There are 2 protein chains.
Amino acid sequence: MSTTEPAPAESGAAAAGTTEPAPAESAAPAASGAAAAGEKKLRPGRTNATKQRLFEASMELIGERGAAGVTVDEIAAAAGVSKGTVYYNFGSKSDLIAQLLRHGVDIMLVRLQDVRGKANDPLESMNNMVGQAMEFMDDYPSFARLWVSEIWRTPGEWSAVFAELRAELLAVIGSAVESVASGYKVNESIARGSLEAAIFGAIFVVGLDRQTYNPERTREQSVAAVMTIMHGYVIK
Amino acid sequence: MSTTEPAPAESGAAAAGTTEPAPAESAAPAASGAAAAGEKKLRPGRTNATKQRLFEASMELIGERGAAGVTVDEIAAAAGVSKGTVYYNFGSKSDLIAQLLRHGVDIMLVRLQDVRGKANDPLESMNNMVGQAMEFMDDYPSFARLWVSEIWRTPGEWSAVFAELRAELLAVIGSAVESVASGYKVNESIARGSLEAAIFGAIFVVGLDRQTYNPERTREQSVAAVMTIMHGYVIK
DNA sequence: CTAACTAAACTGACCAGTCAGTTCAAATAG
DNA sequence: CTATTTGAACTGACTGGTCAGTTTAGTTAG
């Protein structure tokens, strides 16, 4: 058989995450603490570690210079592997980025889930969630940049991926807003969907803006600015 | 020196807009109605018209596929001019984009200035401004995409341009917020800068989000969602 | 008359994707 | 316990193509 037929990965980013039934933990370098426990008995050994390094390297480079502005050679070099390895683990540059997007969203979702129900008051819960999201922005600024620079490209290469990931994230925000709406009297004339989009967008933009143009501002200030939306939503 | 030194343009994007002391009108294809009247007596003749078409073509293409994803040949073809003309009018692709950014911001600033003081109530004035901005998003969706996809690239090619343009836009929003703050009792614990960033960001994100994922939502809904920020800022 | 523009060819760099070959850890055989 | 085999993981030179920017000789229009 001449063709080596290598591709053992080919995950496709469909429903669940990685091959293993343990979708979480994968890549949070400084997760909260309650992550998984066993990680030594990973049979496939190298591959996961390699993918991990490729994710980290890509996240950094692509966040800085954009998906189209980074070459596969650069990513490979930054990850300390050869170009071939990138194509062994991912079918194409485009596929690498698609999986990178899912990877980042998975991390963010885990974090947001972590603060759910930690507070009794829905508004306080919302505040914690925004804080957590803002922290994520600080930890993965490059992911945020990649996100905002590609998500609105009309029929872009990753439209389908973005549509799905966006829906997953908005669902989390939506349920938090829902809690507020059932615990407080709110302005019903505001369309729920637009409100969620505004919150979500404000988180990203305020976070990026602070990092890029006003690093002296505190995370609390940013959270407060975003939470202003919620305070305008509830009727006092 | 062998270099032909063609560049008659080379505006540089400093203080005022175009060469002529009439900064307005330049490019609104379907402005409100009170636009300029005479356009035949343009002294520099063709150049302005050509630049105009290049701006329009670039805005469209770059908004769709990103600055790095569009070739100069494509832009020239879309504008109906030759590639040489692009380099005659602009020194480089990068310069074209820098001037394109200023051009777009100039249009937006003119529109925002148009609604200033049209209302007596600061909050209503703010509402009009957000509505105007949202209309701009509808008219120039590609500009908005270009903006969000490039403005947060750390030391990117147009960092300096963005810093200046961002400041100009934020100043307009800031003065509107200022009016609200002097006409109403507001929550002083919210940092003004973060608030402005949140408003500005929400406008872009809500606008783009509606166009891309929820075209059925009305502009009024989007405006209302953004204005929720202001309603949370004032103390009732 | 000349600034603005055209058309087409050219250059030099850069880059996504390929593929024949190498490494090495674990499985199997002796 | 050592020798051999297997194949997943990885390597890096190479290919075919693309693209920003240049140049030149000629055309158009104010």
Side-chain angles (χ1 to χ4, degrees), chain A residues 1-11 18-19 40-55 57-58 61-62 65-98 100 157, chain B residues 1-11 19 38-55 57-58 61-62 65-98 100 157-158:
Chain A
M1 201 181 286
S2 55
T3 50
T4 6
E5 191 75 22
E10 215 45 55
S11 82
T18 38
T19 321
K40 291 172 202 299
K41 41 195 81 160
L42 292 175
R43 284 249 285 28
R46 276 180 296 179
T47 315
N48 273 18
T50 301
K51 275 195 167 184
Q52 189 55 42
R53 279 191 300 163
L54 281 169
F55 278 147
S58 320
L61 290 170
I62 294 175
R65 313 214 303 276
V70 175
T71 70
V72 174
D73 291 86
E74 282 174 316
I75 293 170
V81 301
S82 77
K83 188 180 192 175
T85 300
V86 175
Y87 284 91
Y88 178 78
N89 283 282
F90 303 94
S92 63
K93 183 185 181 183
S94 191
D95 181 48
L96 161 62
I97 293 169
L100 177 63
E157 261 180 293
Chain B
M1 202 180 282
S2 56
T3 49
T4 5
E5 193 73 22
E10 215 47 52
S11 85
T19 321
E39 58 192 340
K40 290 172 201 302
K41 45 194 80 158
L42 293 174
R43 278 245 287 30
R46 279 178 295 177
T47 315
N48 273 16
T50 301
K51 276 194 166 185
Q52 188 55 44
R53 280 190 299 164
L54 280 169
F55 279 148
S58 319
L61 290 170
I62 294 174
R65 311 212 306 274
V70 175
T71 69
V72 174
D73 293 85
E74 283 174 317
I75 293 171
V81 301
S82 77
K83 189 181 184 178
T85 301
V86 175
Y87 284 92
Y88 180 78
N89 284 282
F90 303 94
S92 64
K93 182 186 181 183
S94 191
D95 181 48
L96 161 61
I97 293 169
L100 176 63
E157 261 180 292
W158 307 285

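It should be emphasised that the depicted structure is a prediction, and the values quoted were computed from it without experimental measurement. Sequence lines set the chain letters: A, B, ... in the order given, protein chains first and strands last, and positions in each chain run from 1.
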Novice: Using atom CG of B/Asp95 as one end and atom P of D/dT22 as the other, report the distance to the nearest whole Å.
Specialist: 12 Å
Novice: CG of A/Asn48 versus P of D/dC10: gap in Å, rounded?
Specialist: 10 Å
Novice: Establish, with yes or no, whether the OP1 or OP2 oxygen of C/dC5 is under 4.0 angstrom from a side-chain nitrogen or oxygen of B/Tyr88.
Specialist: no
Novice: By a strict heavy-atom criterion of less than 4.0 Å, which residues belonging to residues 70-83 of chain A are in contact with DNA chain D?
Specialist: A/Val81, A/Ser82
Novice: Taking 4.0 Å as the cut-off, does a side-chain nitrogen or oxygen of B/Asn89 come that near to OP1 or OP2 on C/dA4?
Specialist: no
Novice: What is the distance, to the nearest angstrom, from the CG atom on A/Leu54 to the C1' atom on D/dT11?
Specialist: 14 Å
Novice: In whole angstrom, what separates A/Gln52's CD from D/dA9's P?
Specialist: 16 Å
Novice: Check the distance between C/dA4's C1' and B/Phe90's CZ and give it to me in whole angstrom.
Specialist: 14 Å
Novice: Does a side-chain N or O of A/Thr85 approach OP1 or OP2 of D/dT11 to a distance below 4.0 Å, or not?
Specialist: yes
Novice: Which whole-number value in Å describes the distance from B/Lys93 NZ to D/dT18 C1'?
Specialist: 12 Å
Novice: Are B/Leu61 and B/Arg65 packed together at the side-chain level, in the sense that at least one heavy-atom pair is separated by less than 4.5 angstrom?
Specialist: yes
Novice: Using a cut-off of strictly less than 4.0 Å, decide whether A/Ser92 has a side-chain nitrogen or oxygen near OP1 or OP2 of C/dA16.
Specialist: no
Novice: Just verifying a value: how many Å separate A/Ile97 CD1 and A/Ile62 CD1, rounded to the nearest 0.5 Å?
Specialist: 4.0 Å
Novice: Starting at OH of A/Tyr87 and ending at C1' of D/dC14, how long is that distance when rounded to a whole Å?
Specialist: 14 Å
Novice: Is the shortest side-chain heavy-atom distance between A/Val72 and A/Leu96 below 4.5 Å?
Specialist: no
Novice: Taking all non-hydrogen atoms of both residues into account, name the closest pair between B/Ile75 and B/Ala57 and its distance.
Specialist: O-CB, 3.9 Å
Novice: Could you give the NZ-to-P distance, from A/Lys51 to D/dC10, as a whole number of Å?
Specialist: 11 Å
Novice: Donor-acceptor pair, distance only, cut-off 3.5 Å: does the side chain of B/Lys51 make one with the backbone of B/Phe90?
Specialist: no
Novice: Which residues pass the side chain to side chain donor-acceptor pair (under 3.5 Å) test with B/Ser82, sequence neighbours left out?
Specialist: B/Thr85
Novice: Which atom names give the shortest non-hydrogen contact between B/Lys93 and B/Ala67, and what distance separates them?
Specialist: NZ-O, 3.0 Å
